[in-house]
Amino acid sequence: MPSLSDLTEQLAAAVVVADKADLVTLAAVFDHLGSITQAAGEMKGNPGADRIQQLAGGTATLVQRILLNEVADADASLREVSRSATELQQMVEQALAGRSIPEPAMRDLFVPARESSVAAPPKGDPLGGEAPCNPEDRSLVLDFIAEATAHIESAETQLLKLEDEPDNLEIVNGIFRSFHTIKGVAGFLNLAQIGRLAHAAESLLDRAREGKLEIADRALDLVLESVDAMKRLLGMLSEAMKANVAMSVWPPLAGLIDRMHQFLSGASTAATPAAPAATVAAPAVPEFMKLAGGDQTVKVAIDRLDALITHVGELVIAQSMVAQDVTDMRRDNPRLAGNMAHLSKIARELQELSMSMRMVPIAGVFQKMARLVRDVSRKAGKEVELVLTGKETELDRNVVDAIGDPLVHMIRNACDHGIETPEARVKSGKPRQGRIELKASHQSSNIVIEICDDGKGLDTDRILKKAVAAGVVSADQAMSEQDIFKLIFAPGLSTAESVSDISGRGVGMDVVKKNIESLRGRVEITSTKGAGSCFTIRLPLTLAVIDGLVVRVGDQRYVVPLLSIEQSIRPAAEQLSTVNGRGEMCMVRGMCLPIFRLHNLFGVGAAEQDPTRAIVVIVQDNDRRCCLLVDELLGQEQVVIKSLGDGMEKIAGIHGGAILGDGQVSLILDVAGVMDLAAAGHKVAA
Amino acid sequence: MSGTTDKSGKYLTFALGKEEYGVQILKVREIIGFMDITPVPRTPAYVKGVINLRGQVIPVIDLRAKFGMPSRERTEETCIVVAEIHQAGRKVSTGVIVDRVSEVLNIKPDQIEDAPAFDSSVRTDFILGMGKIGAHVKILLDLDKVLSTADVIAIAGLEKTAAAA
């Protein structure tokens, strides 16, 4: 890293030849200022270092504004930059010689430069042809959209944190940097509207950084509005890129930007300027043109990743097929045996790695909920606190995408129907603020998401009444509390008093249940009237693979999901009994469980009929248990779930297909479905 | 009245018992020898089951059963024709069991006649036409339509009637 004096020399040299229209040199000036800021930051203990940092950082911001055409007089601003460059050289000399640096000169330099650029209307045609269409630029814009989206989402999260800690300058700085970065790259790519919006937000945050403004209430709302507006702009840009057209018409947004400027000018007279916090570091190294270099990651197109993972899956299958074929040869050939073992190990590791590549933390989805709760509770006139636990819990990418909507529905319901109004809560002795807890955790190869609220709980009488009125159940049907709870998943049922745009149309919960079941998950409900409710979603960790026990029934093989199996035994004659001469039972661990003959259910011939010469696999689903009669246990296998194709997707008792080690297709049992089938007395002739 | 769409072209011909049929070669993905099929419960009788085609699980239809013919023991000549059909707007690979695959024939427009008209109780939309090659008649099938319905199609005897026409 060149020394500070080298850097200031380079800077001076660049400034001399800089011209307001020469973007390349101006960008170089910008970079130099960035390096100087960084280098000064590393000069710990030298008092002059701070001032060097501030001057360099502030000048860099000025250069950016020149680049964005946002200064009233570019020539005058350039002259100021030139002055800064000279002063920086002098300051560095002084600092290295151990002499102190006069402070007032710097401040005069800065204040006018900043104010003038905020008030002046941006030059340049606001609707000028933007959005480049040639390939390199396209990929730059696409990268920008991804980066900016990440920055905006981070800004949103931080803003919500800021609500609880309005004077936490570190958070303010973080949000400032997000908008700052977006502004910088937007300027480089000629996306003026985005740049303007980012600039307006940045100005508000800049004021806050100086301690002159607190980001709360109105200011916070304005910044949140700009977050929303930015998301819209990025979305439109993304659509334009996809459709391969140039964005020539941007939404005006003048209203929002004007309001922000007005707020700024109003606030600057009202607030008393406090001393700028000395502990706050100078503006971070400008990330202009440097895309995020945080943790070590690479960007890969999603379909390439999926293709890779599919192929790894096939490699594993092919490998196990070969392993089976050479089983006999292995006995006589130790080298072959060794190589095969090595190959299997590599294949297994490859598979685990590829599965882990699809895992992402649930944090993203959770953060969205924070914003949702704020907006919904405000609209509904409630006060709600959202507590998030287990954000780092990882799930398969596809599951994360799919779980968003159901969670949104349920949280909306909790805010809207669950949590009572502050007055009602106080009256019943509860704290004014309601509490919703969103928790994610791993539990034995499943992912468990809990949504608990301390609201008024489910009212079974009302639910039952609505269900009867809607014709879902008859009035005299015997229903347990759980049965009534489950009624809220019936389509068309809603116990909301009024239909708001938030919820209450009765379309939500049945869709939620369908979505969750399509992910092979289940929803459980617990609730106490007056105290609150808890919805628990259980999902398998990955959609594509299942741990199963391969069993033989007659000449067919089936895969029983390992999770559902409690134990397998060969029953002794004394454990067996019959009911009414038809239903067979087996006594296990003090429980009397029904036996279901798979060969009957699936019409398989030549199967073992005598339980005492067969195996009984005890399976459970929720609280139901039963014994499945199979001929033989063939072993445990981790199998890739293959869809059986259209028309065969919804076969009762069958979850899907699996390709076993020898290449044959075997069917995966859906334990719940099998139990339903058996209970209904279905049999298929062999 | 001859159809407006051009049905001429190359057809893969195969036999079910004594009757000969043809399907457009463009729809045929591959032909594989008979392999073990995993039966799937609770499916129509003509759905024989599923097989593993290079990592993809595809369903296999017993065409004899679909046409209401008695089933037959498989022989060395029994094959599975893997065809790509359109179902619900998507392309789906499906296997079809045939007794014997014959040859690929180039059938010209003047060799194709429309399906004979029966009384309204018999469906004929699944027949593209009747191909007359020399003395033989081959029933040209629209596989999409054959496999799109859930019913068994009564096709027995159609060929004889057509030959007589």
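Since the model is a prediction, treat every value here as computed from it, not as a measurement.
Listed by sequence position, B:D36, B:T38 are the residues of residues 28-38 of chain B in contact with chain A, using a 4.5 angstrom heavy-atom cutoff.
Checked by atom type and distance alone, the side chain of B:E103 never pairs as donor or acceptor with a backbone atom of B:L105 at under 3.5 Å. Side-chain atoms of B:Q56 do not come within 3.5 Å of backbone N or O of B:L53 as any donor-acceptor pair. Remark: side-chain polar atoms of A:D631 are paired, donor with acceptor, to backbone N or O of A:G554 under 3.5 angstrom. A:R552 places no side-chain N or O within donor-acceptor distance of the main-chain N or O of A:V630, the cut-off being under 3.5 Å.
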Please evaluate residues B:I58 and B:V82 with respect to the criterion side chain to side chain contact (heavy atoms under 4.5 Å, CB included), reporting the C-alpha separation (whole Å), side-chain torsions for both, the decisive distance (0.1 Å), and the verdict.
CA-CA 9 Å; B:I58 65 167; B:V82 181; 4.0 Å; yes
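Judged as a side chain to side chain contact (heavy atoms under 4.5 Å, CB included), and not counting sequence neighbours, the contacts of B:V96 are B:L63, B:V98, B:L147.
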